[in-house]
*Asks:* 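Mind looking over this structure? Questions follow.
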Amino acid sequence: MSIKISFRKSKLEKTSANLVLFVAERFNIRPIKNYISRLEYSYISDLLKTSDLKKRLLDFNLTSKKKIILVSIKKNIKNSEVENLGAELYGIINLGKNSEYFINTENIINNNKNFIGYFLHGLKLKSYEFNKYKSKKETRLITVNVLGRKNNLSNLDQIKFNALEQGTFYARDLVSEPGNVLHPDEYAKRLNSLRKIGLKINIYDEKKLKRLGMNTLLGVGQGSIRGSYLVTIEWNGLKNKSKPLAFVGKGVCFDTGGISLKPAKFMEDMTYDMAGSAVVVGLMKNLALRKAKINAVGVVGLVENMPGGNALRPGDILRSYSGQTVEVLNTDAEGRLVLADALTYTEEKFKPKFIVDLATLTGAIIVALGSEYAGLFSNDDKLSKQLIDAGEKVKEKVWRMPLNKNFDKLIDSKNADMQNINYIGGAGSTTAAQFLQRFILNKTPWAHLDIAGMAFSKYGGALNSGGATGYGVRLLNRLIEDNYEHD
Ligand code: BES
Ligand code: MN
Ligand code: ZN
C-alpha cells in the first residue's frame with residue numbers, strides 16, 4: 001500500500017472526511033467537541049460506554065463513508081510509544097476502503113517535541129511492503145493530511161525522519177531480495193550507485209582481495225560462480241579528518257552452509273544472511289541523506305556460500321588478512337570468516353573511534369534471546385552502555401552477553417592458530433564472538449551485534465508488517481545522534 005502524507009496549515013474544515021483525533025487516557029471526548037458535530041458527539045459517547053477503554057485506538061464508523069478514529073494519549077508518553085500508535089493507526093486505515101484521512105493536531109494534549117513526527121514515522125515504518133515480485137499489485141493510495149498548528153515539524157526534523165525511513169526501507173529492500181537477484185555481483189553494483197547521494201564507495205573485487213591477502217573472506221565465496229567483494233562506504237560529514245565511526249556487516253547473500261550443507265527445511269531463510277550488511281548500508285544512506293555531522297565508514301563483505309567443485313572443504317586451513325591461520329571445521333560457520341578479514345582491515349585502514357559489527361551469525365543467539373534482543377558482545381563497557389541505552393529508546397533492544405578467555409580457549413586448534421567452531425563447551429554465540437575478537441588487533445573499542453533473531457520477522461512486529469525488519473538502522477542512528485554528533 002502506498003501512503004502519501006501531506007501537511008496543511010488550515011484549520012479543520014467541516015467535512016465528511018475521515019478524522020483522526022487525539023484524546024486523553026480513557027477516551028474523555030469532551031475536549032474534541034468542537035471538531036465533530038453534535039450528532040457525532042452523542043453517537044460516539046454512547047458507543048464509548050460499551051467500548052474497551054484500555055485500548056489505545058478506537059475507530060467508529062459513522063456512516064459507510066466516514067470513520068472517526070480516536071487515539072488515546074497517556075501522560076508522559078514516550079516517543080517510541082507515539083511511534084507505536086502511528087503504526088497501530090496504519091492497521092486501521094489499511095483495512096478501510098476510504099483512502100483519505102485528516103489528522104487533527106489541534107488537540108494534542110502532549111508537549112513532546114515532534115509528537116506528530118514520531119506518530120507519522122511509526123505509521124510510515126509500519127506501511128512498508130515488499131511487493132516487487134507480485135504481478136498484481138494493489139495500488140490503493142492512502143492519503144493522510146495533517147491539519148492544525150501543531151503540525152509544525154521543522155524542516156530539519158522532517159529531513160531526519162525521512163532519511164531514517166529511507167535508510168530503513170533500503171535495508172529492508174536489500175534483505176527482501178531473493179538470492180538469485182541480489183547475489184554479490186548485483187549487490188556490489190547497487191552499492192556503487194550510492195555515489196550519487198554523496199557516499200564514497202570503494203569496491204575490492206577478488207583480484208584485489210587476493211592481493212591484500214583476505215583469504216578467509218575469499219574462502220567462503222570460492223564455491224560460488226559469483227564474485228566475492230569487500231565494499232567500503234564512507235561518509236565524511238565533518239570538514240576535519242577526525243577518526244570515523246566504523247560499521248561492519250556480514251553480507252552472505254545466500255548461505256547454503258557450503259559442503260557442511262544445511263538441511264532443506266528453512267534453508268530459504270538464508271536469503272537474509274546478508275542483513276548485517278544491509279543495516280550498515282541503510283545506516284550510511286541515512287547519514288548521507290540527512291547530512292550527518294559525523295565521519296563514518298561502513299564496510300561490508302559480500303559473498304555467496306555455496307557447495308561445488310571449488311568450494312571450501314572441512315579441514316581446509318586459510319591464512320587470514322591478519323596473518324593468523326584458521327582451520328575450517330565447518331563451512332557453515334562462514335560469517336565469522338567473512339567478518340574476520342573485514343574487521344582487521346577496517347581497524348587497520350580507518351583507525352576508527354570504534355567498530356560495531358552486525359551479523360546474522362548464529363542460530364544459538366535465537367535460542368538465547370529469540371526476537372526480543374540482539375546479542376551484544378563487546379570489549380568496551382562505555383560503547384556497550386551507549387548501545388543498550390540507544391536500543392531501549394528506539395525499541396531495537398540489545399542484551400549484553402559475556403566474553404572471556406575460557407571461552408576463547410575453546411577455539412584453539414591443533415593444526416592452525418584457531419578453528420572456526422568449537423565442538424565442546426556450548427555457548428555457540430559467544431565462541432563465534434570470541435573468534436571475531438581475535439581479529440581486532442589494536443584494542444579498538446568494538447561491539448558485535450548478533451542479529452540472527454532480529455533481521456526478519458515472519459509475523460510482523462510493532463513497526464513492521466512482517467518480513468525484513470531493518471533492525472539496527474534506527475538503533476545505530478540513535479547511538480550516533482546521542483553520543484557522537486555535536487553541532
Ligand atoms: N547464517 C547462519 C546463522 C543463522 C541461523 C542466521 C538461523 C539466521 C537464522 C550461520 O552462518 C550459521 O550457519 N551458523 C551456524 C554455526 C555453526 C555451524 C557453528 C549455526 O548457527 O548453526
Ligand atoms: Mn552458515
Ligand atoms: Zn550464515
Side-chain angles (χ1 to χ4, degrees), residues 3 5-12 17-37 40-62 66-96 101-127 142 144-154 157-158 160-161 164-165 392-396 461-464 474 478:
I3 284 211
I5 294 176
S6 60
F7 293 86
R8 300 196 179 184
K9 282 258 144 53
S10 64
K11 286 244 161 85
L12 184 65
N18 301 301
L19 263 186
V20 178
L21 290 162
F22 296 100
V23 295
E25 254 170 304
R26 299 197 66 79
F27 295 93
N28 174 2
I29 60 168
R30 210 165 313 133
I32 59 167
K33 227 172 178 167
N34 293 339
Y35 307 119
I36 54 182
S37 72
E40 290 169 341
Y41 184 83
S42 61
Y43 178 69
I44 292 178
S45 299
D46 273 354
L47 284 176
L48 276 172
K49 287 176 193 145
T50 55
S51 300
D52 179 0
L53 301 184
K54 281 193 220 99
K55 283 196 175 166
R56 303 190 298 177
L57 279 84
L58 289 173
D59 63 305
F60 302 93
N61 292 312
L62 295 165
K66 177 163 183 176
K67 231 187 218 314
I68 289 186
I69 301 169
L70 301 182
V71 183
S72 100
I73 312 282
K74 66 176 187 198
K75 275 203 193 113
N76 303 323
I77 190 168
K78 292 190 187 119
N79 290 335
S80 64
E81 294 167 313
V82 178
E83 287 171 351
N84 288 347
L85 291 176
E88 272 186 56
L89 175 65
Y90 179 72
I92 294 174
I93 66 182
N94 183 34
L95 294 175
Y101 287 80
F102 290 85
I103 299 183
N104 182 12
T105 63
E106 287 293 331
N107 202 48
I108 294 176
I109 350 82
N110 180 276
N111 296 323
N112 286 29
K113 183 172 176 278
N114 283 337
F115 178 96
I116 198 66
Y118 282 105
F119 188 79
L120 297 175
H121 190 53
L123 171 70
K124 277 252 181 166
L125 288 171
K126 183 82 178 179
S127 75
I142 304 171
V144 176
N145 300 299
V146 184
L147 298 164
R149 65 192 153 78
K150 292 211 178 159
N151 68 9
N152 48 0
L153 263 180
S154 75
D157 287 328
Q158 248 180 79
K160 279 186 179 178
F161 281 120
L164 199 49
E165 284 151 18
E392 279 301 330
K393 281 193 198 158
V394 302
K395 291 288 170 261
E396 291 190 340
L463 298 180
N464 70 78
R474 292 164 59 254
R478 185 71 307 155

*Asks:* Please find the pair of heavy atoms, one from Ile29 and one from Ser45, that lie closest to each other, and give the distance.
*Replies:* CD1-OG, 3.5 Å

*Asks:* Would you confirm whether Asn104, through its side chain, and Leu21, through its main-chain N or O, come within 3.5 Å as a donor-acceptor pair?
*Replies:* no

*Asks:* Just wondering, do Val23 and Asn28 contact through their side chains at under 4.5 Å, heavy atoms?
*Replies:*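 Side chain of Asn28 against side chain of Val23, heavy atoms only: no contact under 4.5 Å found.
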
*Asks:* Would you check if Leu125 and Asn464 make a side-chain contact, meaning some heavy-atom pair closer than 4.5 Å?
*Replies:* no

*Asks:* Are Ile36 and Leu62 packed together at the side-chain level, in the sense that at least one heavy-atom pair is separated by less than 4.5 angstrom?
*Replies:*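 Side chain of Ile36 against side chain of Leu62, heavy atoms only: no contact under 4.5 Å found.
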
*Asks:* Indicate yes or no: at least one non-hydrogen side-chain atom of Val71 is less than 4.5 angstrom from one of Ile103.
*Replies:* no

*Asks:* Let me see the working for Ile93 and Asn18 under side-chain contact (heavy atoms from CB on, under 4.5 Å), right down to the final yes or no.
*Replies:* CA-CA 10 Å; Ile93 66 182; Asn18 301 301; over 6 Å; no

*Asks:* Calculate, to the nearest 0.5 Å, the distance between atoms CZ and CD1 belonging to Phe27 and Ile44 respectively.
*Replies:* 11.0 Å

*Asks:* Report the relative orientation of the aromatic rings in His121 and Phe161; use parallel for angles under 30°, tilted for 30 to 60°, perpendicular for over 60°.
*Replies:* tilted

*Asks:* Mind running side-chain contact (heavy atoms from CB on, under 4.5 Å) on Asn61 and Lys67 for me, showing each step along the way?
*Replies:* CA-CA 5 Å; Asn61 292 312; Lys67 231 187 218 314; 3.1 Å; yes

*Asks:* Hey, are the side chains of Leu89 and Phe119 touching, using non-hydrogen atoms and a 4.5 Å cut-off?
*Replies:* yes

*Asks:* Testing Lys78, Lys126, Lys395, Arg474 one by one against Glu83 for a salt bridge (charged side-chain N to carboxylate O under 4.0 Å, His left out), which residue passes?
*Replies:*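 Testing each of Lys78, Lys126, Lys395, Arg474 against Glu83, the sole residue satisfying salt bridge (charged side-chain N to carboxylate O under 4.0 Å, His left out) is Arg474.
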
*Asks:* Taking the side chain as everything from C-beta on, heavy atoms only, tell me whether Arg56 gets closer than 4.5 Å to Asn84.
*Replies:* yes

*Asks:* Provide the closest heavy-atom pair for Glu106 versus Tyr35 in the form atom of the first, atom of the second, distance.
*Replies:*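 Heavy atoms only, the tightest pair is CB-OH, 3.3 Å.
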
*Asks:* Please examine the side chains of Lys113 and Tyr118, heavy atoms only from C-beta on, and report whether any two atoms are closer than 4.5 Å.
*Replies:*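 No, side chains not in contact.
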
*Asks:* Which atom names give the shortest non-hydrogen contact between Lys75 and Glu25, and what distance separates them?
*Replies:* N-OE1, 3.5 Å

*Asks:* Would you find a donor on one side and an acceptor on the other, under 3.5 Å apart, between the side chain of Asn94 and the backbone of Gly91?
*Replies:*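 Such a contact is absent between Asn94 side chain and Gly91 backbone.
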
*Asks:* Any chance you could measure Tyr90, atom OH, to Leu123, atom CG, to the nearest 0.5 Å?
*Replies:* 8.5 Å

*Asks:* Once you round to the nearest 0.5 Å, how far does CZ of Phe115 lie from CD1 of Ile108?
*Replies:*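 CD1 of Ile108 is found 5.0 Å from CZ of Phe115.
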
*Asks:* For Thr105 and Leu147, indicate whether the former's side chain and the latter's backbone hold a donor-acceptor pair under 3.5 Å.
*Replies:*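 Pair found, side chain donor or acceptor close to backbone of Leu147.
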
*Asks:* To the nearest 0.5 Å, how far apart are OG in Ser154 and NZ in Lys160?
*Replies:* 8.0 Å

*Asks:* Look at Glu81 together with Lys74 and state whether they make a salt bridge at an N to O cut-off of under 4.0 Å.
*Replies:* yes

*Asks:* Any heavy-atom pair between the side chains of Leu48 and Leu58 that's under 4.5 Å?
*Replies:* yes

*Asks:* So how far is it from Arg478 CZ to Leu164 CG, rounded to the nearest 0.5 Å?
*Replies:* 9.0 Å

*Asks:* How far apart are the closest heavy atoms of Ala24 and Ser72, and which atoms are they?
*Replies:* O-CB, 3.7 Å

*Asks:* Where do Lys66 and Glu40 land on the salt bridge (Lys or Arg N to Asp or Glu O under 4.0 Å) test, with the steps shown first?
*Replies:* CA-CA 11 Å; Lys66 177 163 183 176; Glu40 290 169 341; 3.0 Å; yes

*Asks:* Nearest 0.5 Å please: distance from the CD atom of Glu165 over to the CG atom of Leu120.
*Replies:* 8.5 Å

